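If you're wondering where the values come from, they're calculated on a predicted model, not measured in any experiment. Index from 1, following the sequence. Side chains are part of it too, since the values below use all heavy atoms of this structure and drop only hydrogens, waters and symmetry mates.
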Amino acid sequence: MPRRSDGDYEIRSSRRLTTIADAMRFIEIVGFCVLFPVKNIPLPSLYYAVSRRQVVHWDKSAKLIWNWKDELPKKSRSFYGKYFKGRGSFISLKFLPYFLATHGTAIEPRESETFYKTGRISHDALELWLALAKNGPLPTLELRHACKMESQAGNKRFKKAILELQGLLIVTHSGAEQETEAWASNCFDLVARGFSKQVGEARQISAEEARVAIAVKYKTLYPRAVAAQISRLFGWAKAQAVAALAL
């Protein structure tokens with residue numbers, strides 16, 4: 001495939017996004033995207049759709065989408081979390097079931113122990129999952145306190161475990177809360193609770209069917225995409241990407 005610049009991956013619509021309703025429609029159209037453009041993550045970004053700039057500045061466009069990434073998941077309008085390569089990512093309600101199916105995480109909150117015993121999550125991730133299952137959505141500091149991760153070392157463990165759970169689509173960002181005088185804290189919730197309808201839909205979809213749907217959508221966005229690129233982006237085996245593209 002010819003070498004492309006990161007800017008080639010942006011979706012160029014007829015007008016800039018200016019409202020949260022625009023943002024929701026954009027996410028629904030592309031299916032999945034990142035908050036800010038990231039080198040080597042070939043996906044459209046919400047920042048570019050607002051600013052028409054590839055280089056990120058902390059400007060009015062950045063501040064606008066920073067609010068949207070809190071409001072959209074809080075209202076269950078879109079999944080948001082650190083998903084693609086651990087960076088801020090949106091997945092539309094239509095495509096969330098397919099992504100859940102690829103991970104096998106269309107699950108109930110009570111299934112945490114099974115995931116831990118089978119080695120799918122770490123003990124720290126289990127502790128976070130149990131705290132959210134028991135207490136409901138929690139802001140960062142409360143969640144760390146509930147899991148006895150208040151120290152500096154505990155914070156490192158927390159960041160690693162919460163990233164692990166977001167990467168499996170078990171936990172979602174669910175807004176923000178002002179816990180201190182500094183920046184507002186991220187709030188987190190279980191996907192099973194925040195997006196129960198999509199979890200139910202995912203249970204009816206096989207992993208193979210899900211990969212096909214995702215690959216087909218990606219090819220509509222980027223017709224020149226090849227299996228190796230899709231494999232890297234979505235974390236699939238190359239054979240799975242080849243099979244998805246063949247159907």
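Under a cut-off of 6.0 angstrom, the local environment of OH in Y98 is sparse, with at most 12 non-hydrogen atoms contributed by other residues, nucleotides or ligands. Surrounding NZ of K219 are more than 12 heavy atoms belonging to other residues, nucleotides or ligands, all under 6.0 Å away. For R157, the CZ atom sits in a packed shell: over 12 heavy atoms of surrounding residues, nucleotides or ligands are nearer than 6.0 Å. No more than 12 heavy-atom neighbours from other residues, nucleotides or ligands sit within 6.0 angstrom of NZ on K94.
Side-chain contact check for Y218 and Q229: at least one donor-acceptor pair (N or O, by modelled atom type) lies under 3.5 Å. Side-chain N/O atoms of E10 and S45 include a donor and acceptor closer than 3.5 Å. No side-chain donor from either of H173 and D189 sits under 3.5 Å from a side-chain acceptor of the other.
Connection of I91 to L168 is not established within any shared hydrophobic cluster, with ILVMFWY side chains joined at heavy-atom distances below 4.5 Å, either directly or through further cluster members. By the criterion of side-chain heavy atoms lying less than 4.5 angstrom apart, applied directly or through intervening Ile, Leu, Val, Met, Phe, Trp or Tyr residues, I107 is not grouped with L169; the two fall into different hydrophobic clusters. Linking ILVMFWY residues whenever their side-chain heavy atoms come closer than 4.5 Å, directly or via other members, places L96 and V34 in the same cluster. Under the 4.5 Å side-chain heavy-atom criterion for ILVMFWY residues, no single connected hydrophobic cluster contains both F79 and L163. Connection of I205 to I170 is not established within any shared hydrophobic cluster, with ILVMFWY side chains joined at heavy-atom distances below 4.5 Å, either directly or through further cluster members.
Using a distance-only test at 3.5 Å, with no hydrogens or angles considered, no donor-acceptor pair links the side chain of N155 to the main chain of S151. Between the side chain of Y47 and the backbone N or O of H57 there is at least one donor-acceptor pair closer than 3.5 Å. A donor-acceptor distance shorter than 3.5 angstrom exists from the side chain of S51 to the backbone of R53, with no hydrogens or angles considered. Remark: the backbone N or O of W68 is not paired with any side-chain donor or acceptor of E71 at under 3.5 angstrom. Between the R193 side chain and the L132 main chain, a donor and an acceptor come within less than 3.5 Å of each other. At distances below 3.5 Å, not a single donor-acceptor pair connects side-chain atoms of T102 with backbone N or O atoms of R211. In this structure, the side chain of S231 does not engage the main chain of A227 through any donor-acceptor pair within 3.5 Å.
A cation-pi contact links K69 to W66, judged by a cut-off of 6.0 Å to the six-membered ring centre and 45° from its axis.
The stretch residues 79-89 participates, sequence neighbours left out, in these side chain to side chain donor-acceptor pair (under 3.5 Å) pairs: Y83-H103.
Residues L190 and T172 have side chains not in contact (no heavy-atom distance under 4.5 Å, counting atoms from C-beta outward). Contact of the F90 side chain with the F26 side chain is not registered, since no non-hydrogen atoms from C-beta on lie closer than 4.5 Å. Side-chain atoms of V212 and E208, non-hydrogen and from C-beta on, never get closer than 4.5 Å to each other. Contact annotation: the side chain of C187 never approaches that of P137 to less than 4.5 Å [non-hydrogen atoms, C-beta and beyond]. Using a 4.5 Å heavy-atom cutoff, the side chains of W236 and I214 are in contact. The shortest side-chain heavy-atom distance between I20 and L64 does not fall under the 4.5 Å cut-off.
Minimum heavy-atom separation, S92 to E28: CB-CA, 4.0 Å. Closest heavy-atom contact between F95 and A213: CE2-O, 3.7 Å. The minimum heavy-atom distance between Q178 and A184, with the atom names listed, is OE1-CB, 3.6 Å. Pairing each heavy atom of P97 with each of L93, the nearest pair is CD-O, 3.1 Å. The heavy-atom pair separating L128 from C147 by the smallest distance is CD2-SG, 3.5 Å. Between A192 and V199, the closest heavy-atom pair is CA-CG2, 3.9 Å.
Atom CG in D124 sits 14.0 Å away from atom NZ in K156 (nearest 0.5 Å). In this structure, K117 NZ and L126 CG are separated by 10.0 Å, a value rounded to the nearest 0.5 Å. The line from CG of L130 to OG of S112 is 4.0 Å long, rounded to the nearest 0.5 Å. Distance check, rounded to the nearest 0.5 Å: CG of L72 to CD1 of I27 gives 5.0 Å. Once rounded to the nearest 0.5 Å, the distance linking NE2 of H145 with CZ of F158 reads 14.0 Å. Between atom OG of residue S61 and atom CZ of residue F36 there is a gap of 9.5 Å, rounded to the nearest 0.5 Å.
Note on E108 versus R203: salt bridge recorded, some NZ/NE/NH1/NH2 to OD/OE distance being below 4.0 Å.
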Determine, step by step, whether F115 and W129 satisfy the ring pair (Phe, Tyr, Trp, His ring centres under 6.0 Å) criterion, reporting the C-alpha distance in whole Å, the side-chain angles of both residues, the deciding distance to 0.1 Å, and the verdict. CA-CA 10 Å; F115 267 63; W129 185 341; 5.5 Å; yes

Let me see the working for L138 and F188 under side chain to side chain contact (heavy atoms under 4.5 Å, CB included), right down to the final yes or no. CA-CA 6 Å; L138 289 174; F188 299 99; over 6 Å; no

Step by step, would you call L143 with M149 a side chain to side chain contact (heavy atoms under 4.5 Å, CB included)? CA-CA 8 Å; L143 182 53; M149 297 182 184; over 6 Å; no

Residues S122, E164; criterion side chain to side chain donor-acceptor pair (under 3.5 Å); working and verdict: CA-CA 8 Å; S122 66; E164 179 185 343; 2.8 Å; yes

With side chain to side chain contact (heavy atoms under 4.5 Å, CB included) as the test, would you mind laying out the steps for H123 and Y116 before giving the verdict? CA-CA 7 Å; H123 187 268; Y116 175 63; 3.6 Å; yes

Side chain to side chain contact (heavy atoms under 4.5 Å, CB included), that's the test. Do L17 and I65 meet it? Break it down for me. CA-CA 10 Å; L17 310 186; I65 68 170; over 6 Å; no

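Between F32 and F99, the ring-plane angle classifies as perpendicular under the 30° and 60° cut-offs.
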